[in-house]
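Below: the structure, in structure tokens.
All ligand and atom numbering here is 1-based and tracks the order in the structure.
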Amino acid sequence: MEARTCLAIVLAAGEGTRMRSSRPKVLHPVAGRSLLAHVLAAVGEAGVTSTAVVIGPGQEDVAAEAKRVLPGAAVFVQRERKGTAHAVLAAKSAIERHPGDILVVYGDTPLIRPATLAALRAPLAGGAAIAVLAFRPSDPAGYGRLIMAGDEVTAIREEADASAHERAIGLCNGGIMALAGKSALAILERIGDHNRKKEFYLTDAVEIARASKLRVVAVEVEEDDVRGINTKKELAEAEAVAQQRLRRAALDAGVTLVAPDTVFLSTDTRFGKDVVVEPYVVFGEKVVVDDGAVIHAFSHLAGAHVGKGVSVGPFARLRPGAKLGEGARIGNFVEVKEAVFGAGAKANHLSYIGDASVGDNANIGAGTITCNYDGSAKHRTEVGKNAFIGSNSALVAPVSIGDGAYVGSGSVITADVPPDSLALARGRQVIKEGWASRLRALKSIVKKKAHSRD
Ligand code: UD1
Ligand code: CA
């Protein structure tokens, strides 16, 4: 693409009533990221020079998400929701300042790819006034239909306004439109609201451009690129497509996914070389897995950094702030949160390690719990290098176990343990010889008496 500038206008002001949710539609997640973040990421990678996001009144959370993903984005508020063309004109001052291409992208089409956006701009360089992204959905219900004459688009008809004949058209509007800068504003300002919904439809730009003898073309793409999300069903369908893409990318990058369809990834999941992921593993946001690590079946990870050659699971839960050093081992039914494990450190069975640091090669025995929460505040536990925590111990934070120290199993540790020492903090064992046989004898006497009374 030559150096023509491009302003992207992302429409996100709709209420999304069909989602039946109190959350704004564009903040719903697909593959661990909001719909809006997906769209802005694609826009950011498509050679766009500036971005405007149109939000609804009071949608500060949508504005915050836009700024988080693309700090340079300008946010405009559409005061009343009067349709997609009306929403575009909320960013009129940005359009006036901008001489190059205009790309209108709907905030509810999260699967759009940067290459598709770039392809849509291409016809503008060839003199077209408008390029419309078209697709043939398996179910066209709800989409605007493209009315064609040869390779030119003559109109887009919204479903509510379409005749039975027009509804039978399979080619639909993907909701993304590129407009040549020099005619864009004049076209947009002529759009009226003479339709069934009394809304200003962006799609009417097509007929207005044609009336001025301008050329409108369609660029056809796969359905998956432009799936619009209006309902929870469509959200789930988009999630499935996003997961297929992420699994495919992970496999292409050399990750071993034993049963790809059972592994759920986030858009930002990062894998090193020779990583193995067993079946039924969920990766929430912000997970990094370094070279040679193995994630065993039924594990759940989020916000975790898994170091080189680490073994996680089966049935492990890594929560945000879990950081596992090279060769560490986190076994079954172990939960780790805000805790750093040094190289070779192990917690192999049934433990909760939170707000802690565990030194290199330390061994956390089965059933160890860091008691990090006192009902109002969180406290830290420090376990030194080569320390050994016996099974079923409670480490009551704040507390520190020195390097090389031993904690006897079943201990409740409430005070710091010096390096290389042994701490035993449990009730003393009591032996009463012959106690059990005396008990049994007593029971049989009681039983015999009961029988003799029958
Ligand atoms: C729109 C298109 C339809 C296309 C479909 C593709 C129009 C008139 N119709 O229909 O041809 O097939 O997308 O998915 O453009 N929005 C605002 N302000 C408004 C209204 C909408 O910002 O006043 C935003 C919404 O947040 C959404 C986008 O514009 O991100 C599209 O609006 P939506 O109501 O979902 O349009 P569709 O009925 O799906
Ligand atoms: Ca839509």
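In terms of polar-atom proximity, Val226 is not counted as a contact of ligand 1, lacking any N or O under 3.5 Å from an N or O of the ligand. Inclusion of Asn230 in the set of residues having an N or O under 3.5 Å from an N or O of ligand 1 is warranted. Between Thr84 and ligand 1, a contact under 3.5 Å exists for at least one N or O pair. Checking only distances, Gly14 does come within under 3.5 Å of ligand 1, N or O to N or O. When only interatomic distances are considered, the shortest N/O to N/O separation between Leu202 and ligand 1 does not fall below 3.5 Å. Of the N or O atoms in Leu11, one or more lie within a sub-3.5 Å distance of an N or O in ligand 1. Not a single N or O atom of Arg81, backbone or side chain, sits closer than 3.5 Å to an N or O atom of ligand 1.
When only non-hydrogen protein atoms are considered, atom 12 (O) of ligand 1 lies nearest to Asn173 O, 2.7 Å. Ala13 N, 2.9 Å is the protein heavy atom nearest to atom 22 (O) of ligand 1. If you check which protein heavy atom lies closest to atom 20 (C) of ligand 1, you get Gly83 C, 3.8 Å.
In the vicinity of Tyr143, heavy-atom distances shorter than 4.0 Å reach the ligand 1 atoms 5 (C), 6 (C), 12 (O), 14 (O). Here is the list of ligand 1 atoms found below 4.0 Å of a heavy atom in Lys25: 35 (O).
Of all the heavy atoms of Cys172, none lies under 4.0 Å from any atom of ligand 1, so neither backbone nor side chain is involved. With a heavy-atom cut-off of 4.0 Å, Lys197 does not touch ligand 1 at all. For Glu158, every heavy-atom contact with ligand 1 shorter than 4.0 Å involves the side chain, none the backbone. Residue contacts with ligand 1, taken as heavy atom pairs separated by less than 4.0 Å, involve Gln78 solely via side-chain atoms from C-beta onward.
Side-chain atoms of Ile156 and Leu146, non-hydrogen and from C-beta on, do get closer than 4.5 Å to each other.
Relative ring orientation between Phe135 and Tyr143 is described as perpendicular, the plane-to-plane angle rising above 60° on a 0-90° scale split at 30° and 60°. Between Phe283 and Phe271, the ring planes lie perpendicular to each other; the angle is over 60°, past the 30° to 60° tilted range.
Protein heavy atoms come within 4.0 Å of atom 18 (N) of ligand 1.
The distance from the Ca ion (ligand 2) to the nearest N/O/S atom of Asn230 is under 3.0 Å.
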